[in-house]
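Presented below is the structure to which this report refers.
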Amino acid sequence: MIGRFLKKSEPTQESEMPTLGPIHPIALTGADLLNTPARQSLISKIKRLVSATDVVWNRHYLYAIQQFAELAQNLPASEIHHHSVQGGLIDHTLEALHAGVRISHGYILPPNAEPENIGPSADRWRFGAFIAILAHDLGKIVTDLEVVYRAPNTTFQQWFPWYGNLPAGVEYQFRFRKKIENTRLAKTLHEKSGMSLLPRLLTPEATKWLFSDMELVSQLFSTVSHSTFGGHVIAEIVRTADGASVSKNLGANTGKKADHSLAVPLHEKLVVSLRKLVADGDLIRNKPGAALWVTDECTWVVSKATIEAVRAQLLNEGHSGIPKSVVTIFGILKDHECIVATPEGDSVWYAEIDDPAKNWRQKLTFLCFKNEIIWPTSQPDLFDGTVTPIDRKGNPLAEDQPQVKEAIESQVAADKSLESAVSLPCPEPTTVPKKPTKTCKPDGSREGQVTKSRNETVDPKSKSTTNNDEGKLVPEIGLTSKDAADKWKTRRQIQEEVLPQNDFISWLLRGIATKRIRVNEPKAPVHVLENHIALVTPAIFNDFLDKNRLKKQIYERRAGDKRVFTLLQKEIEALDIHQKGMNGKNIVSVSVEGVRSRSELRVYLLNRDCFPSLNNFNANSAIKIHL
C-alpha cells in the first residue's frame, strides 16, 4: 500500500505536467525580490516608523521581511480581488505593514499597562503587531495556491512551503486551488494555516523576546490563526492595516483577468465598487436622503439611484461589459446571492424608513444586502430608526414569513413594550401555566411547554423553571450578587472595547443598546445585578443563533453530539469574565421572588465591572444567586 502511494508521488514527467500558469525564469532570494524602487521606498518608510537601531532593524525586522518575501516570491494576494497581479502578495503585505506600524503608534502598548511598564514593553508589542501583519496572508501559499518547480534539465515537482523555500534559480508555475464548497471555511483556511509558517519569520533572539510576555504571545497566535477571540489589540491593528491596503488597491484592475486566472466575476466588481463608494463617503447613510440604511443584519441600499452610481464608477475606472440596464444588474446580484431575495423571489424590496429622531418617514425601493457583504472587515454605525418591509400597497409584510424572518427579523417587529430597565429594578415573575397553548412555527414544528417532571415545567418564552406543588426547586436561601462576588476566585477585568471582538458579546451589547434585548423585565433574557450580568440560558444563546443563521450552521457542524449553545458558552468561558458556581459548573441557579410567587432561572454570570456601558441599569434586587 505504502509502496503504491510513494510510486504515485514521484515527480511528474514534464510531458505529463498540467499547465498551471506562466513559467517564471527563476525563484529569487528575498533581498532580490524586494530590490525594486517601489518596495524599497515602502521599506524605508517602515524603517523610519520603527524605533530600532540599524543592527536591530537588519537582524530582526528586515530579516522577517526578507524571509516573508522569499516564501511569497511573485505570487498574487488573491485570484480575482485585491492585488491579483504577479507579486501582489508582497506588495499587499508591505502596504499593510506600513499602515500597521503607523497605526500601532496610536495605541498605548501594552494595553492596560502601568505607566512604568509602557516604555520597556511598547517596542516588543509593536514588533508583535509587525510579525502578525507579515503572517496574516502568508498561509495562502499553503492552502490557496498550488506551486510546482523544476531545476534546469529536470522534471517538475510540487512545492510545499512547510519544508523550505523554493530553491534559488529554479523555474516555477502556480495556479489557484479549487475552493471547497463551504465558502466561509475556505475564507479562513489560509489564516489558520499561517501559524504553520510563523516560525520562519523569527530569529531565535526575537522569539525569546516575544515569549517574555505571554499575553502578547496569546494575542499574536490568536490573530494569526484567526481565532474568534483573543486577538484583542493586535487583531485590531492587523484588521485596520489590512483594510487600508485592500481599499487602496480596489480599482479598475480589481477582478480583471490576470495571467494566472480566467475568472472575471462581474458580481464581484459590482460589490467592490459599492464598497468603494461607501468607503469614500460618496454614499450618504442612515439619515434623510441617504442611499444606505444599516440595521443589525442587513444594509438596505436604495435600488435604482445607487446602482446607477455603481455602474458609472465602473465605467469611469475603465471596466468593460457593464450592463446598461440596472434591472439586469439586479438579476446578476441576486443570481450570485449577493443580495437577499424577497419572499416572492424578486430582487427589489419595498420598505418604509422611519426616523423618529428627525421626524422623517419615507417609502422607497431597496436592495437588501447582508452586512458581511458590504462590511467584510468593519462594523458600521447602525440606523437608530426602523426599516420595515412592506408590500406594494404599503402594508407591512407578515413577520412569520421564513425569508423575511431570516433576513430582517430584528427589524420587522416593532416592540411596543420596550421601556427603560432603570424603572424596573424589581420585576415580578409571571407564574407558568400548567397547560400552555401550542403554536406552529413557520417550519411546521410545535413550540410550547416541555415537561421535565411531574411537578416541574419549563416555559420556553420565559426559560424559567418553577415548582407547582412542593417548591423543591426553589431554595429558601440565596446570596445577593455582592455576597456571591466575594466568593469569586478570579474576577478578571477587561476593557469593554475589546470584548465586542467576540461575536456574541458584540451582538449582546448592540441589542441592549438598541433595546431589542430586554433587560430586568419579566421574561427578559438578561438581568443586571449588583456585581453580575445574568444571562438566562439557553434562551439568550439560542436567540443569538436564531438571528445569526450562518454562524449557527458552523456551530452545528462543530458541535457533533453536543448542544450548539454550549460552544458559545465555551467561547465566553475562554474570556475568563464569568463566575462559576461552587460546584465548578458554569451554569448557576438563581431564584426570583415576587410578591405572590417564586421561580428559578438557570443563568450564566458575567463580571459586571467589564461592562461600564450597562452602569445606567439599576441592580435587580429580586434575584438571589445559589452557588
Close side-chain approach of [X] to [Y], heavy-atom, < 4.5 Å:
X	Y	answer
Ser104	Trp125	no
Ile577	Phe611	yes
Asn615	Arg608	yes
Lys363	Tyr350	no
Leu220	Val217	no
Leu508	Leu535	yes
Tyr604	Pro538	no
His527	Val603	no

Under the ring-ring contact (aromatic ring centres under 6.0 Å, His included) test, residues paired with Phe383 that sit two or more places apart =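 Expected list: Trp293.
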
Applying ring-ring contact (aromatic ring centres under 6.0 Å, His included), name anything that partners Phe544, two or more places apart in sequence or on another chain.
->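 In terms of ring-ring contact (aromatic ring centres under 6.0 Å, His included), with neighbours along the sequence ignored, Phe544 is linked to Phe504, Trp507.
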
Measure the spacing between [atom1] of [X] and [atom2] of [Y] and express it to the nearest 0.5 Å.
X	Y	atom1	atom2	value
Asn607	Asn531	CG	CG	8.0 Å
Ser222	Met195	OG	CE	9.0 Å
Lys287	Ile353	NZ	CD1	15.0 Å
His578	Cys610	NE2	SG	12.0 Å
Leu367	Trp300	CG	CH2	10.0 Å
Leu283	Leu274	CG	CG	6.5 Å

Test salt bridge (Lys or Arg N to Asp or Glu O under 4.0 Å) applied to Asp391 - qualifying residues, sequence neighbours left out =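 Applying salt bridge (Lys or Arg N to Asp or Glu O under 4.0 Å) to Asp391 gives none.
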
If I compare all heavy atoms of [X] with all of [Y], which pair ends up nearest, and what's the gap?
X	Y	result
Val387	Ala351	CG1-CB, 4.0 Å
Ile133	His136	O-ND1, 2.6 Å
Leu605	Ala534	CD2-CB, 3.9 Å
Pro356	Gly385	CD-CA, 4.0 Å
Leu601	Val592	CD1-CG2, 3.8 Å
Glu530	Ala619	N-CB, 3.5 Å

Report the residues that fulfil side-chain contact (heavy atoms from CB on, under 4.5 Å) with [X], sequence neighbours left out, ordered by chain and then residue number.
X	answer
Asn359	none
Arg361	Glu352, Asp354
Ala129	Ile234, Ile237

Could you please spell out the steps behind the side-chain contact (heavy atoms from CB on, under 4.5 Å) verdict for Val519 and Leu614?
-> CA-CA 10 Å; Val519 180; Leu614 304 183; over 6 Å; no

Starting from the C-alpha separation in whole Å, work towards a yes-or-no answer on side-chain contact (heavy atoms from CB on, under 4.5 Å) for Ser347 and Leu333.
-> CA-CA 8 Å; Ser347 304; Leu333 292 172; over 6 Å; no

Intermediate values then yes/no, side-chain contact (heavy atoms from CB on, under 4.5 Å), Val302 and Phe366 | CA-CA 4 Å; Val302 177; Phe366 295 93; 3.8 Å; yes

Between [X] (side chain) and [Y] (backbone), is there a donor-acceptor pair under 3.5 Å?
X	Y	result
Arg275	Ile373	yes
Thr240	Glu236	yes
Gln219	Val233	yes
Asn520	Val528	yes
Arg518	Lys523	yes

Report the relative orientation of the aromatic rings in Phe211 and Phe221; use parallel for angles under 30°, tilted for 30 to 60°, perpendicular for over 60°.
->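 Perpendicular, since the angle between the ring planes exceeds 60°.
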
Output, in order, the C-alpha distance, side-chain angles, deciding distance and verdict of side-chain contact (heavy atoms from CB on, under 4.5 Å) for Val340 and Lys370.
-> CA-CA 7 Å; Val340 179; Lys370 283 289 189 179; 4.0 Å; yes

Can you establish whether the number of heavy atoms outside [X] located under 6.0 Å from its atom [atom1] is more than 12?
X	atom1	answer
Asp384	CG	no
Asp381	CG	no
Ile108	CD1	no

